[in-house]
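The structure under discussion appears below in the form of structure tokens.
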Number of protein chains: 2
Amino acid sequence: MKVSVRSKSDGRKEILDAAAVAFMEYGFAGTSIDMVAEVLGSTKGKIYYHFKSKTSLFLDVHRETMTTYIEAVEEVAKGPGTPLDKLSGILTTLATQVMERLPYAKVAVEGVDMHMSRSTTPEQRAVLREIIDLRDRGEAILVRIIEDGIEQGLLRPCNPRLIVKPMLGALNWMTVWYRPRPQDTPESRKALADTLVNYLLNGIVAPADGRASA
Amino acid sequence: MKVSVRSKSDGRKEILDAAAVAFMEYGFAGTSIDMVAEVLGSTKGKIYYHFKSKTSLFLDVHRETMTTYIEAVEEVAKGPGTPLDKLSGILTTLATQVMERLPYAKVAVEGVDMHMSRSTTPEQRAVLREIIDLRDRGEAILVRIIEDGIEQGLLRPCNPRLIVKPMLGALNWMTVWYRPRPQDTPESRKALADTLVNYLLNGIVAPADGRASA
DNA sequence: GTCTATAGGACGATAGAC
DNA sequence: GTCTATCGTCCTATAGAC
């Protein structure tokens, strides 16, 4: 017995997934709606029934990514632990998300610095604003945690607004070199995330004393 | 008295500059040759006289970027200093290059994971191979320096091949957030580069002892 | 809701004037 | 060498059948 309340969002979700895969492969401008339809296993009629335009589709994929990110970030931020624990947890979560949802992650990376100056309707600009707000909210949370960590003497004094850039950049850059392999498991992904996060927190210069590095 | 040996390469150089600016703004697929011509202040006839296709033009911009990178990297690598000095010097040089040649840097970032599976001639594939070789050469130099640093006890034990990814990723990510400002000077850029490189080398976690962080 | 067919426009690349 | 004009192709988006 199919329930109709799910039918609409399911149709959209499948299209978003297919679009993410296609956009990941060829980029926004390089992907045609026909290519998305081919990934989806249908024709573009279906896509244009659910989405107003290619730009809207791309923006919705991007927003979906950012929403998932912010939810994960806020969950860790609200949880227990020191600022250092939270910082570590957030970075690990994000690294894992990138690996597990690579197509969506790649769309977010391309969307970040896409100037949609041309061909943006007021409605699309509203979605773009939403996306930017989600990103700013996430960055603000990180900045706040770093500030707390510095205050508590857990982190080096630094300019948190500047430091989050390379931190998040290093994670986003995973979309460039990380490729899922058949032998990948949640554990192996976790190990990779831990390695990266450990580097991002502790750097690479050897400590002068015997402080543990892990 | 104009010398003819320069005339050909000068025409190409101007076109490469204009193309880099246009590609930075709209990406490869989103940029038309007419747009490049407009930045150049001419018509596309001039471009097609010097370059066989849009793809060739993009690849030549990308190669130009990678050539500049590798030259800078090799100069520092061959110079004096400890592995830590060299690592620091290379990262600082790259960060500076990104800021000073932002359009070229952005093309390199887009080009890294562009699959030109379609519409690549054998000649273009040769250029692509050249570009990839330049990148691999640069990464190999960094890996070797990190290995030396670990051996000498200057750097933490780690997997160098894995660590160079976030390191270079953080620098490449500058193309996303860094925007040149009128008040920027070589000194202010150097300061920004130093801040980033210091973070990439030392991380952000406070040392347990009184070791200096700068 | 999803399909086919097509209008309408943009772009890569070339031909030929100058 | 650079420009103008244009051909052919591909793509977004819509109209209308089912």
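Since the model is a prediction, treat every value here as computed from it, not as a measurement.
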Criterion side-chain hydrogen bond (donor to acceptor under 3.5 Å, both in side chains) against A:Y104, the qualifying member of A:T65, A:D17, A:T68: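 Output: one option passes, namely A:D17.
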To the nearest 0.5 Å, what is the distance between CD1 on B:I90 and CG on B:D85?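 Result: 11.0 Å between the selected atoms.
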Stepwise side-chain hydrogen bond (donor to acceptor under 3.5 Å, both in side chains) check, B:E75 with B:T93: CA-CA 10 Å; B:E75 192 189 326; B:T93 294; over 6 Å; no
Between D:dT2 and B:Y49, is there an OP1 or OP2 to side-chain N/O distance shorter than 4.0 Å?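 For D:dT2, neither OP1 nor OP2 has a side-chain N or O of B:Y49 closer than 4.0 Å.
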Could you give me the CA-CA distance, side-chain angles and deciding distance for B:R189 and B:D184, then say whether side-chain contact (heavy atoms from CB on, under 4.5 Å) is met? CA-CA 7 Å; B:R189 282 193 287 270; B:D184 279 1; 3.9 Å; yes
Encoded 5' to 3' (Watson-Crick or G-U under 3.5 Å; [ ] crossing; | other strand), DNA chain D becomes ||||||||||||||||||
Between [N] atom [atom2] and [X] atom [atom1], what is the distance in whole Å?
X	N	atom1	atom2	answer
B:L40	D:dG1	CG	P	15 Å
B:K46	D:dA5	NZ	C1'	20 Å
A:E38	D:dC11	CD	C1'	15 Å
B:F51	D:dG1	CZ	P	14 Å

Please list all pairs passing the salt bridge (charged side-chain N to carboxylate O under 4.0 Å, His left out) test where one or both residues lie in residues 168-183 of chain A, with sequence neighbours left out.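 Qualifying pairs, neighbours excluded: none.
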Give me each pair satisfying salt bridge (charged side-chain N to carboxylate O under 4.0 Å, His left out) with a member in residues 190-205 of chain B, each pair once, sequence neighbours excluded.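 Qualifying pairs: B:K190-B:D194.
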Footprint string (nucleotides 12-18 of chain C, 5' to 3'): B base within contact, S backbone only, - free, heavy atoms under 4.0 Å: BBB----
Go through the structure and list residues passing salt bridge (Lys or Arg N to Asp or Glu O under 4.0 Å) with B:R137, not counting sequence neighbours.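 Applying salt bridge (Lys or Arg N to Asp or Glu O under 4.0 Å) to B:R137 gives B:E74.
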Atom pairs and distances, donor-acceptor, side-chain atoms in residues 167-176 of chain B, under 3.5 Å, two or more places apart:
residue: B:N172; atom: ND2; partner: B:L168; partner atom: O; Å: 3.2
residue: B:T175; atom: OG1; partner: B:N172; partner atom: O; Å: 2.6

Could you tell me whether A:T43 contacts a base, only the sugar-phosphate backbone, or nothing, with contacts defined as non-hydrogen atoms closer than 4.0 Å?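 A:T43: base contact, heavy atoms under 4.0 Å.
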